[in-house]
Q: 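Quick one: the structure is below, and I'll ask about it shortly.
For the numbers below, each heavy atom of this structure counts, side chains included, while hydrogens, waters and symmetry mates do not. Remember, it's a predicted structure, so these values are computed and weren't measured experimentally.
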Amino acid sequence: MHVAIVPSRQGGREYRSYLLRQTYREEGKVKHRTLANLSALPLEAIEAVRAILRDQPVGALDEQVTI
């Protein structure tokens with residue numbers, strides 16, 4: 001799994017979509033399956049997801065998380 005950054009242009013403006021994707025092979029061709037659109041999340045949350053997927057620590061251990 002990885003976070004793909006997909007740029008697009010509309011009306012002279014440039015946009016970025018952040019997609020959680022899975023890569024696999026089908027009949028010898030590389031395919032991508034989009035699992036989630038992360039674009040609505042804050043950039044800090046997207047970077048945290050990317051770090052977790054790379055097996056890197058996120059935040060300090062003494063921070064409390066409230067959901």
Side-chain angles (χ1 to χ4, degrees):
M1 272 192 275
H2 65 281
V3 176
I5 302 170
V6 181
S8 64
R9 297 191 116 185
Q10 291 182 358
R13 294 191 57 165
E14 189 170 318
Y15 297 95
R16 287 186 172 186
S17 297
Y18 297 91
L19 306 174
L20 180 64
R21 285 192 162 171
Q22 178 183 29
T23 303
Y24 64 99
R25 287 187 178 268
E26 187 175 285
E27 298 178 5
K29 294 183 180 181
V30 177
K31 304 265 184 159
H32 303 286
R33 177 179 296 127
T34 301
L35 303 174
N37 185 345
L38 306 177
S39 300
L41 295 176
L43 192 54
E44 295 83 18
I46 295 170
E47 290 301 322
V49 170
R50 293 179 81 188
I52 290 168
L53 291 174
R54 283 187 244 124
D55 202 25
Q56 295 177 341
V58 178
L61 293 177
D62 61 349
E63 290 181 7
Q64 291 187 357
V65 177
T66 305
I67 297 177

Q: If every non-hydrogen atom of Leu41 is compared with every non-hydrogen atom of Ile46, which pair is closest and at what distance?
A: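 That would be O-CD1, 3.8 Å.
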Q: Using a strict cut-off of less than 4.0 Å between a Lys/Arg side-chain nitrogen and an Asp/Glu carboxylate oxygen, indicate whether Glu26 and Lys29 qualify as a salt bridge.
A: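 Lys29 and Glu26: not salt-bridged.
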Q: Using the rule that two of Ile, Leu, Val, Met, Phe, Trp, Tyr join whenever any of their side-chain heavy atoms come within less than 4.5 Å, decide whether Val49 and Leu35 are in one cluster.
A: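 Yes, it is one cluster - the side chains of Val49 and Leu35 are joined through contacts under 4.5 Å.
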Q: In terms of hydrophobic clusters joined by side-chain contacts under 4.5 Å, are Tyr15 and Leu38 together?
A: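 They do not share one cluster, since no chain of ILVMFWY contacts under 4.5 Å joins Tyr15 to Leu38.
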Q: Search all heavy atoms of Arg16 against all heavy atoms of Ser39 and return the closest pair with its distance.
A: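 Looking at all heavy atoms of both residues, the shortest contact is O-OG, 4.3 Å.
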Q: Any link between Val6 and Leu43 through a network of hydrophobic side chains (Ile, Leu, Val, Met, Phe, Trp, Tyr) touching at under 4.5 Å?
A: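 Unlinked, Val6 and Leu43 end up in two clusters.
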Q: In terms of heavy-atom contacts, does CZ of Arg54 have more than 12 from other residues, nucleotides or ligands at under 6.0 Å?
A: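 Buried by this count: over 12 neighbours within 6.0 Å.
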Q: Mind checking whether His2 and Thr23 have side chains closer than 4.5 Å, heavy atoms only?
A: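 A side-chain contact under 4.5 Å exists here.
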Q: Is there a path of hydrophobic side-chain contacts, each under 4.5 Å between heavy atoms of I/L/V/M/F/W/Y residues, joining Ile5 to Leu20?
A: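 Same hydrophobic cluster.
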